[in-house]
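The structure appears below as structure tokens.
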Number of protein chains: 2
Amino acid sequence: MEIKKATTIHDIARALDLNSSTVSRALNDHPRVSSKTKEKIKAKAKELDYQPNHLAANLRTSKSKTIGVIIPHISRYFFSTVIAGIEDIAQQQGYNVIICQSKDETQKEINSVEALLKSRVDGIIISPAMQDREFDHLQKALDQHIPVFFFDRYAESLETTKVIMDDLKTAEKLCDHLLEQGARKILVLSGPESASIYRNRILGIKESFRKNDYDINEHLSILNTDLKTEPAYLAVKKWLEKKAVPDAIYALNDMAAFGAIKALKEKRIQIPGEVMVVGFSNEPVSELITPSLTTVNQPAYEMGKLVTRKILLQIEEKVASYLSETAILKSEIIIRESSRKVK
Amino acid sequence: MEIKKATTIHDIARALDLNSSTVSRALNDHPRVSSKTKEKIKAKAKELDYQPNHLAANLRTSKSKTIGVIIPHISRYFFSTVIAGIEDIAQQQGYNVIICQSKDETQKEINSVEALLKSRVDGIIISPAMQDREFDHLQKALDQHIPVFFFDRYAESLETTKVIMDDLKTAEKLCDHLLEQGARKILVLSGPESASIYRNRILGIKESFRKNDYDINEHLSILNTDLKTEPAYLAVKKWLEKKAVPDAIYALNDMAAFGAIKALKEKRIQIPGEVMVVGFSNEPVSELITPSLTTVNQPAYEMGKLVTRKILLQIEEKVASYLSETAILKSEIIIRESSRKVK
DNA sequence: GTGAAAGCGCTAACAT
DNA sequence: ATGTTAGCGCTTTCAC
């Protein structure tokens, strides 16, 4: 079994009677190499089917050319779509991606950061776990000059770049819509208020009430669940047994909305006739269920691409490391059957 | 801004007045190092917060400690769940993972293999694009002694390890179920027969007909779609307008089943009263739609873990490279409302 | 059981 | 514009 060794820059140098450093420079488009030799070198490289050894280059420059990504659940449609965007940009720029799932558990997230730092990633992109209250683990990365960028969810206490949605505004508009459809008593299924996105969405909802002059205390109820289908189902079921039936259930994600729908159907409560339901984040199923679910579509793929472009700019020092920006992407309300009372 | 350099094996060696090669050996648990020195070295390593530089080790051993994964769509629940399994095992064994999406396009897949070979991955795990008819691109990897392992879908022409489902048997059982429920005329929504899994599922269905003595030609119709919701919806709609309404629609994935349900609902055909519907591969939505969808649950996470364990055994030469095995995982039929005619 | 020495393939400071 | 040289941090063969 004959294994012919791969071509190196030395082979190219030898073949052209040049020095390997010139070859290296030529292949990296260094300005101080005459275009004539550059051409010669590149031609020879192609001829010998030269494949650069990134391991060697990375060792030398002590860059891993790898970025770490930490997300709650890879198999959630929103997140896997973000990953697609991250992978696309990263690959295109010659970076690898390490994906870690936190399962929305703070401890797992801490471990992942630890592991990523050990693998010497050049940067970390994260959407932190719902329950996170402290961010020392991320601060540690920043202390080592590893950029940490957020998407969707973020830590307010860290001054770093984030790509987020215009959640407050969108949540407000969605609430406007429910009020227009005649809803007064609204039950919100929320996640932990410590998480930026849920807090923002609730602020939007309250703003909608305020500007429409509806009494928040009287008409708005907020139920904290962990925004999963089953717990939301149980919570709504319990609510319906003990408290007044609301005019609308406003879930802060689609998963929870599915649970609410299940509970309502079980009690034979008409949707949207008696109770309207809206969700957030447009799971692909949402248009397929009965009734199809009004929700908010978030540009996940774009988000992944954008946050990756931004972190790579910082990693490659094309942008100052002390610059932190907040990019806000527009999301879009999709009105479907579950909230369409008035035809 | 003071950046203290990371500890290396030389630092440890110096601190203990030993040679760096001994340190290297000790940390790798080489047998020919006295356990006393091993202990000393490990203690010192911990004390100095030594973090091995994998880049250096990988360069030296010319292993990238990276495996490439090629899947059709990362945001499909089945695949992202497989990825979760792959990542878990890989990370645990110190490997990184590069994920590529083929979008079910052969050309993209070819490009991905090319890119993975350039990144010098140690192995490739793939579920090939639906339409693939040739596998020269994968053969090329094998020629370079890069193991290529399949999961779910596979190329029959390549002799290599694969982890697949017992699709034929399961498809047969699901068909048995439909026949038991009284279905006679069955319309199958299939993908390209060139793909192993669809061919196998159809064989299973035919087997069910055969053993129950029902005439295949008379009662079984097969409609090729690309197994996406919208095209399936259109195909079924057209079918219902021109041909006889079947007793059951048997879609070879859930996406297509959703399309069929949409078309049936539009024509106000009762499910399962007039037409039963079954799918395949248990999208998380399937239990949430109305009616909830009978389908087949595939152990995706387990599949990802298993195929990764297997390829790592081969990469680390704990198993002969000429050994190719076929591991078959059991999938499970989940009967829900859409096919429950008889109470 | 431990040490010496070479080298994986590349880059970059310095020299010319 | 090109060459010289050193070295990134590790593994591994060969000595002893």
Side-chain angles (χ1 to χ4, degrees), chain A residues 3-42 44-45 48-66 94 117-122 316-317, chain B residues 3-42 44-45 48-66 94 117-122 316-317:
Chain A
I3 299 183
K4 45 175 184 282
K5 302 215 321 196
T7 315
T8 73
I9 51 172
H10 300 290
D11 300 327
I12 300 177
R14 214 173 305 120
L16 294 171
D17 203 19
L18 282 168
N19 189 282
S20 59
S21 50
T22 309
V23 176
S24 170
R25 282 189 279 250
L27 294 173
N28 288 308
D29 266 326
H30 187 105
R32 272 191 333 205
V33 179
S34 77
S35 43
K36 238 194 297 178
T37 39
K38 258 187 206 175
E39 271 172 46
K40 266 201 309 196
I41 288 171
K42 286 184 181 175
K44 187 56 93 181
L48 299 178
D49 191 29
Y50 168 73
Q51 305 291 1
N53 185 327
H54 297 118
L55 286 177
N58 292 348
L59 172 60
R60 181 60 234 248
T61 56
S62 61
K63 297 262 166 224
S64 64
K65 285 271 198 174
T66 298
L117 291 179
K118 277 194 185 164
S119 325
R120 292 167 148 78
V121 293
D122 297 331
E316 308 210 319
E317 296 176 325
Chain B
I3 299 184
K4 44 176 182 281
K5 300 216 318 196
T7 317
T8 73
I9 51 172
H10 300 291
D11 300 328
I12 300 178
R14 212 173 307 120
L16 295 171
D17 204 18
L18 282 167
N19 189 282
S20 59
S21 46
T22 307
V23 176
S24 170
R25 281 190 278 251
L27 294 173
N28 289 309
D29 267 326
H30 188 104
R32 272 194 330 208
V33 178
S34 76
S35 43
K36 235 193 301 177
T37 40
K38 260 188 206 173
E39 270 173 46
K40 264 201 310 196
I41 289 172
K42 288 184 180 174
K44 186 56 92 178
L48 299 178
D49 191 29
Y50 168 72
Q51 306 291 359
N53 185 329
H54 297 118
L55 286 176
N58 293 348
L59 172 60
R60 180 60 233 250
T61 56
S62 63
K63 297 259 164 228
S64 64
K65 285 272 200 172
T66 298
L117 291 178
K118 278 197 183 159
S119 330
R120 292 167 150 78
V121 292
D122 297 330
E316 306 209 321
E317 295 175 326

B:K44 meets the salt bridge (Lys or Arg N to Asp or Glu O under 4.0 Å) criterion, sequence neighbours left out, with B:E47
| Would you say the side-chain atoms of B:K63 pair up with the backbone N or O of B:A57, donor to acceptor, closer than 3.5 Å? | no
When rounded to whole Å, the NZ to P distance for the pair B:K65 and C:dC8 reads 21 Å
Those residues at least two apart in sequence (or on a different chain) that pass side chain to side chain contact (heavy atoms under 4.5 Å, CB included) with B:K42 are B:L27, B:D29
Residues of residues 20-29 of chain B with a heavy atom under 4.0 Å from any atom of DNA chain C, listed by number, are B:S21, B:T22, B:R25
Residue set satisfying side chain to side chain contact (heavy atoms under 4.5 Å, CB included) with A:R120, at least two apart, ordered chain then number -> B:A6, B:Q51, B:N53
Between the protein and nucleotides 6-9 of chain D, which nitrogen or oxygen pairs are less than 3.5 angstrom apart?
{"unit_1": "D:dG7", "atom_1": "N2", "unit_2": "A:R60", "atom_2": "NH1", "d": "3.1"}
{"unit_1": "D:dG9", "atom_1": "N2", "unit_2": "B:A56", "atom_2": "O", "d": "3.3"}

Which donor-acceptor pairs under 3.5 Å do side chains of residues 11-18 of chain A form with protein atoms, sequence neighbours excluded?
{"unit_1": "A:D11", "atom_1": "OD1", "unit_2": "A:R14", "atom_2": "NH1", "d": "3.4"}
{"unit_1": "A:D11", "atom_1": "OD2", "unit_2": "A:T8", "atom_2": "N", "d": "2.8"}

For DNA chain C, consecutive-pair runs of 3 or more (Watson-Crick or G-U wobble, both H-bond-type distances under 3.5 Å) give C:1-16 with D:1-16
The side chain to side chain contact (heavy atoms under 4.5 Å, CB included) partners of B:N19 (sequence neighbours excluded) come to B:S21, B:T22
To the nearest angstrom, the CG-C1' distance between B:N19 and C:dA6 comes to 13 Å
Sequence neighbours excluded, the answer for side chain to side chain donor-acceptor pair (under 3.5 Å) partners of B:D122 is B:S64
In whole angstroms, the gap separating C1' of C:dG3 from CG of B:D17 amounts to 12 Å
B:D11 atom CG is separated from D:dC10 atom C1', nearest whole Å, by 13 Å
B:K63 atom NZ is separated from C:dC8 atom C1', nearest whole Å, by 14 Å
Salt bridge (Lys or Arg N to Asp or Glu O under 4.0 Å) pairs touching residues 52-62 of chain A, sequence neighbours excluded, are none
Sorted by chain and number, sequence neighbours left out, side chain to side chain contact (heavy atoms under 4.5 Å, CB included) with B:S62 holds for none
All heavy atoms of A:I9 vs all of A:S24, minimum pair found to be CD1-CB, 4.2 Å
With sequence neighbours left out, the residues meeting side chain to side chain donor-acceptor pair (under 3.5 Å) with B:T61 are none
